[in-house]
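Counting from 1, the numbers follow the sequence of the chain as shown.
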Amino acid sequence: MFRHHRLRICLCVLAIASTDLGASEAESAPEAPVVPAERPALPSRSESMAAELARQLPSTEVLRLQASDEAFMALWRPANVAEPKGLVILLPGAGESADWPRGIGPLRRGLPDYGWHTLSVSLPDSPGLLPPATPGPEREPPAEEDGPSETPAADSDPQATPNEAGYLPEETATAPDESTSEAVQSEPDPSTEPDEGPQLVERIDGRIGAALAHARTLHPGLIVLLGQGTGGYWAARYLQQLAPEDVRHLLLIQPRQPEGQDEPLAQLVPALKLATGDFFYQNGTAARAEARARLNASRRIQHPAYHQVGLPALIDDRESEQQQLLRRVRGWLDRPAD
């Protein structure tokens, strides 16, 4: 009996010793390095807006086109007539989507009722335009200091009024639903900064070329290139560089020169010698001066078919404003050939 008791005690001691030894070995073993999980790259602003449009719009309107090794979205609407007049390719400006609620969207949806197919192209982001920020936790507002606070007058800086540049979204940088967006021009994050320089230009040219190639498969007869804001600059530059013979009409809506591009619009646009409709909003001093420079340049070279149209902005009635733009563009498209 005593022998069994001693045997049990020995077994218990051995078990305790082995447990302590295993614990000490675990403590002395080096810890495995913690490898942080890779965060997937955030989609660009243009990609986010394109994905949202693809969810909202009918699948019959959404096209996936291929430019080199890059797929991108375009929005298609056929003409609502038996004999279409042609096809209009729309290029939005920086920060705008292919269905932007001012200019691009109303023209994309309205022109088919007057006999025009429309193909609206999403363009890559311009340098410095960041994707929408991920909402973070709400922060408490800072404590107010004693004493009266000063509120700057809304009209203290005439250059900051929403009318100055003809209201186009490149200046206001609003989102497709026209709510305020964090994707304004700001200090870029190197991990999300879009391509600059030649690579951006090549991507834009590739998308315009892919849109033209798709348009040609439809045999529309007449192809018109329409650009809004910086989209107008890219349209004119593409026609200057590649000069496609089947594009003989150019429409510009408040055209604007992108950052990093040296050739002024006043030199680029008139030199094309294409049938050109140049629409601009007269309520901005800078816009009027730039439009005057383009008009004067066209006169100096006796441009055969350059027409400039000044549009008053009806800020209090946006629907009428867009209907006016649609009527003026339609009138230019339906005018007799020069």
Just so I know, are the side chains of Trp234 and Pro258 near enough to count as touching, which here means a heavy-atom distance under 4.5 Å? yes

Are any of the side-chain heavy atoms of Arg328 and Leu311 separated by less than 4.5 Å? yes

His303 meets the ring pair (Phe, Tyr, Trp, His ring centres under 6.0 Å) criterion, sequence neighbours left out, with Tyr306

Pairs touching residues 107-121 that satisfy side chain to side chain donor-acceptor pair (under 3.5 Å), sequence neighbours left out: Glu61-Arg108, Asn80-Asp113, Asp99-Arg108, Asp99-Arg109

Nearest 0.5 Å, please: how far is CG in Leu87 from CG in Leu111? 10.5 Å

Stepwise side-chain contact (heavy atoms from CB on, under 4.5 Å) check, Arg203 with Ser68: CA-CA 9 Å; Arg203 292 177 65 197; Ser68 185; over 6 Å; no

Could you give me the CA-CA distance, side-chain angles and deciding distance for Leu119 and Leu218, then say whether side-chain contact (heavy atoms from CB on, under 4.5 Å) is met? CA-CA 11 Å; Leu119 181 63; Leu218 305 172; over 6 Å; no

side-chain contact (heavy atoms from CB on, under 4.5 Å) between Leu325 and Tyr281, intermediate numbers included: CA-CA 10 Å; Leu325 175 63; Tyr281 290 92; 3.9 Å; yes

List the atom of Pro106, the atom of Trp100, and the distance in Å for their closest heavy-atom pair. CD-O, 3.6 Å

Can you name the nearest heavy-atom pair linking Leu123 to Pro92, along with the distance? CD1-O, 3.6 Å

Strictly by salt bridge (Lys or Arg N to Asp or Glu O under 4.0 Å), give each pair with a member in residues 229-241 just once, sequence neighbours left out. Asp205-Arg237

Pairs involving residues 285-305, ordered by first then second residue, that meet salt bridge (Lys or Arg N to Asp or Glu O under 4.0 Å) (sequence neighbours left out): Asp278-Arg294

side-chain contact (heavy atoms from CB on, under 4.5 Å) against Ala51, all qualifying residues, sequence neighbours excluded: Arg55

Holding to side-chain contact (heavy atoms from CB on, under 4.5 Å), I want the full list of residues that pass it with Val247, two or more places apart in sequence or in another chain. Leu212, Ile223, Leu225, Leu239, Pro244

Report the C-alpha distance between Arg102 and Glu96 in whole Å, list the side-chain angles of each, state the deciding distance to 0.1 Å, and finish with yes or no for salt bridge (Lys or Arg N to Asp or Glu O under 4.0 Å). CA-CA 9 Å; Arg102 277 172 161 169; Glu96 300 174 354; over 6 Å; no

